[in-house]
Amino acid sequence: IAYERASKKLQNDTLKIYSANLKNDIKTSINLLKKGKSIGFDNVSNELLFYGNNEKIRLILSCIFNTMIKYGYTPDNFNVDLATPIPKKGQMKEPSDLRPISVSTSYANLFQSLLLKKTPFENLISKNQFGDRAKTSCKHAYFMVNETINYFRNGKSELKLISLDATKAFDKLWRQGIF
């Protein structure tokens, strides 16, 4: 029940944030989309949004985005990603020898950039998480673990470490359950 209340409050707060100056934010976010990127499922490129960036388009997009937030619903094909398997080094004998690269639609990228800009997601993610956080990477996680080990080793204290190896997680994922 508390989760539902918090989720509803976040949804209402987000809608209020979005309603103010959304068209200007859309204009700014479209101008910041990277050019020369692969085209997603809908065949709309970032360049198409960039060069077609006018008042009418921004009004339509602001109505669509506000409706998505208000009702907590996204259209079925809004973010259908195109997954392309890229071979890893060596011979390809198994699915684990391929690395999937996913390309989202330009509209989904635009919506995501607006969400990240307007919603305080950083406050909802643990400080100990390194994925999906600004200015962090695997190197930061490695550094933190290494420094923790050194701290306890230098203090001659006992340290118990649990590690989860998720390197093959994508290969073992139950895709039908997600899609």
Side-chain angles (χ1 to χ4, degrees), residues 1-86 98-141 166 169-170 173-179:
I1 294 173
Y3 171 77
E4 290 173 7
R5 277 192 231 134
S7 177
K8 189 72 171 172
K9 181 176 179 351
L10 180 62
Q11 188 178 23
N12 290 336
D13 291 348
T14 304
L15 186 58
K16 288 176 192 171
I17 291 168
Y18 261 81
S19 298
N21 300 319
L22 181 59
K23 287 189 286 183
N24 289 333
D25 292 334
I26 289 173
K27 181 179 180 178
T28 302
S29 292
I30 286 175
N31 290 333
L32 293 175
L33 287 173
K34 294 179 182 177
K35 315 300 181 288
K37 291 292 186 177
S38 296
I39 296 173
F41 171 77
D42 60 1
N43 289 319
V44 174
S45 67
N46 289 350
E47 287 83 2
L48 183 67
L49 290 178
F50 180 78
Y51 293 114
N53 188 356
N54 63 48
E55 186 68 27
K56 290 178 183 176
I57 294 294
R58 290 191 296 273
L59 177 63
I60 292 168
L61 289 174
S62 67
C63 289
I64 291 169
F65 293 162
N66 274 326
T67 303
M68 287 168 56
I69 291 170
K70 181 176 181 179
Y71 295 104
Y73 174 80
T74 55
D76 292 337
N77 290 333
F78 182 73
N79 192 23
V80 175
D81 287 2
L82 292 177
T84 305
I86 305 294
L98 298 168
R99 180 174 48 101
I101 299 295
S102 179
V103 178
S104 298
T105 66
S106 294
Y107 293 114
N109 288 334
L110 176 62
F111 184 64
Q112 180 183 6
S113 73
L114 290 165
L115 273 179
L116 291 173
K117 183 177 178 183
K118 292 287 191 178
T119 311
F121 284 115
E122 285 288 321
N123 300 336
L124 302 174
I125 299 174
S126 167
K127 300 265 188 253
N128 296 325
Q129 180 175 328
F130 293 93
D132 298 320
R133 290 185 60 88
K135 301 178 183 176
T136 63
S137 70
C138 292
K139 291 178 184 177
H140 293 99
F170 184 81
L173 186 68
W174 181 47
R175 290 173 185 83
Q176 289 78 16
I178 292 176
F179 306 110

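Only this structure's heavy atoms are used, side chains among them; waters, hydrogens and symmetry mates stay out.
In terms of modelled atom types and a separation under 3.5 Å, the side chain of Ser29 and the main chain of Ile26 share no donor-acceptor contact. Judged purely by atom type and a 3.5 angstrom limit, Asp81 has no side-chain atom pairing as donor or acceptor with the backbone of Ala83.
Heavy-atom neighbours of Lys35 NZ from other residues, nucleotides or ligands within 6.0 Å: above the threshold of 12.
Not counting sequence neighbours, the partners of Phe78 by the ring-ring contact (aromatic ring centres under 6.0 Å, His included) test are Phe111. The side chain to side chain contact (heavy atoms under 4.5 Å, CB included) check on Asn24 picks up Asn21, with sequence neighbours excluded.
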Test log, rule side chain to side chain contact (heavy atoms under 4.5 Å, CB included), inputs Thr105 and Val44: CA-CA 7 Å; Thr105 66; Val44 174; over 6 Å; no
Asn109 and Gln112: CA distance, side-chain angles, deciding distance, side chain to side chain contact (heavy atoms under 4.5 Å, CB included) verdict: CA-CA 5 Å; Asn109 288 334; Gln112 180 183 6; 4.2 Å; yes
Intermediate values then yes/no, side chain to side chain contact (heavy atoms under 4.5 Å, CB included), Asn31 and Asn53: CA-CA 8 Å; Asn31 290 333; Asn53 188 356; 3.6 Å; yes
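In this structure, CD on Glu55 lies 11.0 Å from CD1 on Ile60, to the nearest 0.5 angstrom. Residue Lys27 holds its NZ atom at 14.0 Å from OG of Ser62, rounded to the nearest 0.5 Å. In this structure, the separation between CD1 on Ile30 and CG on Leu114 is 8.5 Å, given to the nearest 0.5 Å. Rounded to the nearest 0.5 angstrom, Thr74 OG1 and Ile64 CD1 are separated by 12.5 Å.
Across all their heavy atoms, Cys63 and Thr67 have their closest contact at O-OG1, 2.7 Å.
A 4.5 Å side-chain heavy-atom check between Tyr107 and Leu49 finds at least one atom pair inside the cut-off. Within the 4.5 Å cutoff, side-chain heavy atoms of Pro75 are placed close to those of Met68.
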